[in-house]
Structures are given as C-alpha cells and as structure tokens.
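It should be emphasised that the depicted structure is a prediction, and the values quoted were computed from it without experimental measurement. Just so it is clear: chains get the letters A, B, ... in the order the sequence lines come, proteins before strands, and each one is counted from 1.
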Protein chains: 2
Amino acid sequence: MSGRKESILKAAERSFALFGYKGTTMDQVAKIANVGKGTIYTFFKNKEELFNEIIDQFIQRMKVIAEAAIDENDPFFVNLHRALYEILSFRKEHQFTIKITQEVKEFGTLPAKQALGKFEDAILSFLEKHIQLAIDKGELVKCDPKLTAFVMLRLYIAIVFEWEQRHEPLDKEEIASLFDLYFANGLEKNKKTC
Amino acid sequence: MSGRKESILKAAERSFALFGYKGTTMDQVAKIANVGKGTIYTFFKNKEELFNEIIDQFIQRMKVIAEAAIDENDPFFVNLHRALYEILSFRKEHQFTIKITQEVKEFGTLPAKQALGKFEDAILSFLEKHIQLAIDKGELVKCDPKLTAFVMLRLYIAIVFEWEQRHEPLDKEEIASLFDLYFANGLEKNKKTC
DNA sequence: AACTGACTAAATGACTATATTGGTCAATAA
DNA sequence: TTATTGACCAATATAGTCATTTAGTCAGTT
C-alpha cells in the first residue's frame, strides 16, 4: 500500500501538536499511523529528522500565507502589516506552534528551540526580501535590510504580543497606525527635508 | 554596636550578586555580615524582603545614573540614547543583574523574575516622563507616552543586546544613528508634510 | 523487498533517604 | 530590660536507586 510516509507525517504532526516533542513517542506515532515502528525508520533517520520534516512543511505553508498577503500595488507598509499580521496570527493560533513555544519555555527542549529559530529565520528572510524590494523601488530610505527586518519583527512582536501581557490589547487598525507612526513617519517633528 | 543593618545589606547584596536568589542562604549572609542569623530577622521580615530592599537600592542608583545623562539643552533623541545606553550598560555590566537575569532564564525563580520586572518598570516610567516632556516641548509628535516608552525600550534592547547574539555587535555611534533612522525620522521616503 | 514488533541499551522519572534551608525562640550577653 | 544569638524544627531541596519507558535495531514474517 502507498501513502505510508504521508500517514506517518500526518500522525506525527498531530502528536507533536498535541504533546510536543518530548511528549511524542515513536510507538505512539507508529500506532496512530497504523504502521510498525520500524517503518518510520525507513523514511526518517530518527525522531529529530521526522520533526524537522514537519517543521519544514509548516514553514512552507507559512510562506504561502505570507506571499498571499502581498499585493504589488499596495504601498510597502500596508503589505508589511498585512503579511506580519497573517503570519503571526497563523503561528499564534496553530496548535503546533503553541505547543512548541510552551515546551521551549517549560523544558527548553533543544529541537523545539531550533524549530522556533527556523520559524524566525523564515520570517526574517521573507521580510528582508521585501525590504530590499521596497528600497529598490524607492519606497524606503536606504538601510541594511537584514537589520531592518530584525528590528521590524521585534517591534511588531512587542506591539502585538508583549504589550497585551500587561495592558489592553491593541486592535488591527491601532497596530497599523502605530507601525506607521513609529516606523514609517518617525516621531520627530519638522525635521525631514522635502 | 551600630551599622548592623548596613552590613547585612552589604553582605546580602554581595551574596545575591555572586550566587543569585536561590544560591544565597541566610546562614551565609549572617556569616559574611558577622551577625547571628536571628539578627537579620529583626531588620527584615524574611529573605524576600531583604532581597527587595536591595533591589530598591539598586533601582535608586540606576535612576541617578539615568537622570545624570539628561541635559536639558540637548535634543530628545540625544538624551534618550545617552540615558538608555548608560542604564543598560550599567545593568549589563553589574554582576547583580547578570546573575539575576541568568537565574530567571535557568530556574525562573519568582522573586528574581519580579526583580527584573521592577527594573523594567523603573526604566519605563523614566522614559515615559521624558517622552511626555518632549511632547510638551513640541519635540515629539503626539503619541501615547506609555506605549511609546514600551516600544522604545523594546527596540533599544533588540538593537543593543539581541542583534549581537547572532551578528557583529553595533558600536555606540551606529546604535545612535539607527535609532534616529528608525525612530526619529522614519523609514518612509518623501511623505512628511513640512 | 517491504514491513513488522520483540528486543536492547540508554534515558527517564518515581520514590526514598539524606541534607539543606528559612524561619523561630529560649537562652545569653549587654 | 533589650538586643543578639545559634541550636532547633518543619519544610523543602538534593542525591541516589532502580523499575519503567523510549529511541532505535534487526531477525523474522508477509
């Protein structure tokens, strides 16, 4: 019969999403996937590689969502906000990343940490690409795209997730206008030469 | 004899700085301070209160350093950078905060967590005050001072500490010009009406 | 040739014995 | 009488143990 690899991946994703990396056993994955445990090892070198394959799949899906949020005709900051919002909502709501994030906080499981690192790298390289495009188009002032991507993501996470840990959460429109205020226009009064 | 409370505080600060909250024992503090253990409890209700008194002292010193960095005649962003740099350098280099930060990461010790929270709150209220002043002076556009303080601190920490975890660290001048670029002037080209 | 699950060595974690620690208070010193 | 002390105690943390679980293998089955 075919589809063995797919059913293993499906079962593993489900288990990782429910129980995390540590909490998932290969026996359990085999059982859910209705295969012998040995079969898993014909497709994946070990538990970590199975986990990584699922992460890579997940990142692929994230990329599709991010690119779908970009409209060539819209200005950079509109696209930026839409894309970041979609990506981070997706991440935040998806059981898989919730569980992995929790596991990193609670146990510091190394493969889970590396997974979050991969997510961040994917987001950063997506941002970097679009920042470079915006600079080329003349929409943004000249700046280091890598550093700018890093700062933008950090700022966005601060506004969207960290602020609401101690204050009233901000809605989508507020976030967009804050991003404009802080990042697009700048806070200084009457400085820019036009 | 007098100076008992002071010598307890001194001994405790030294021990907390060397061994963290968990790693510090009341027996040890008593020994270093050359007092009987019971004496500590005549001045402090318990270990946590002793710890808090030291934190409050530390924050006081931080405040002095921060205010000293402010020069009424300089523009807001010059003062901001100078003050944040001084505060965060002070924190970064001081054995006490190094140890506490490490302890929070490693064990999540609650009193240590609360201590870091207090540090952050102190910095935030300092920033908030000076942002409000700058708005009143007409140096900054109108914005929520609390939220702006929060975002500025986050951005600053990202640039100064988090960036260097995976890249070449930025020097003082670079940091200042980045802060100007991202925050004072904004990234958008030819948008501001003058 | 593809697949399986009993098997093994290694890792885990429940359990317990032991040691340490925060806090108290009767005894002591001033 | 008042301030100080350190032996003491209950609570907690640590170290050591061992039965259980788990990742990964491989001889045997389909």
Take the angle between the ring planes of A:Phe51 and A:Phe96 and call it parallel below 30°, perpendicular above 60°, tilted in between. tilted
Parallel, tilted or perpendicular: ring planes of A:His167 versus A:Trp163, cut at 30 and 60 degrees: parallel
Would B:Ile98 end up clustered with B:Phe16 when hydrophobic side chains under 4.5 Å apart are linked, directly or stepwise? no
Scan the side chains in residues 67-76 of chain A for donor-acceptor partners under 3.5 Å anywhere in the protein, sequence neighbours excluded, and list what turns up.
from, atom 1, to, atom 2, distance (Å)
A:Glu67, OE2, A:Lys129, NZ, 2.7
A:Asp71, OD1, A:Asn73, N, 2.9
A:Asp71, OD1, A:Asn73, ND2, 3.4
A:Asp74, OD2, A:Arg82, NH1, 3.3
A:Asp74, OD2, A:Arg82, NH2, 2.8

Quickly work out the B:Gln28 CD to C:dG22 P distance and round it to whole Å. 9 Å
Hey, are A:Asp136 and A:Gln132 close enough side-chain-wise for a donor-acceptor pair under 3.5 Å? yes
Salt bridge present between A:Arg154 and B:Glu162 (N-O < 4.0 angstrom): yes
From CZ of B:Phe19 across to C1' of D:dA13 the rounded distance in Å is 18 Å
Separation of atom NZ in B:Lys31 from atom C1' in D:dT5, rounded to whole Å: 15 Å
Going by the angle between their ring planes, with limits at 30° and 60°, are A:Phe77 and A:Phe179 parallel, tilted or perpendicular? perpendicular
Does B:Lys47 qualify as a cation-pi partner of B:Tyr21, given the criterion of NZ or CZ under 6.0 Å from the six-membered ring centre and within 45 degrees of its axis? yes
Nearest whole angstrom, please: distance from the C1' of C:dG22 to the CG of B:Leu110. 17 Å
For nucleotides 4-7 of chain C, tabulate all protein N/O to nucleotide N/O atom pairs closer than 3.5 Å, reporting atom names and distance.
from, atom 1, to, atom 2, distance (Å)
C:dT4, OP1, A:Arg4, NH2, 3.1
C:dT4, OP2, A:Gly36, N, 2.9
C:dT4, OP2, A:Thr39, OG1, 2.4
C:dT4, O5', A:Gly36, N, 3.4
C:dG5, O6, A:Gly38, N, 3.4

Send over the distance from A:Lys5 NZ to C:dC3 P, rounded to a whole Å. 13 Å
Here the residues of residues 46-58 of chain A within 4.0 Å heavy-atom distance, strictly under, of DNA chain D are A:Asn46, A:Lys47
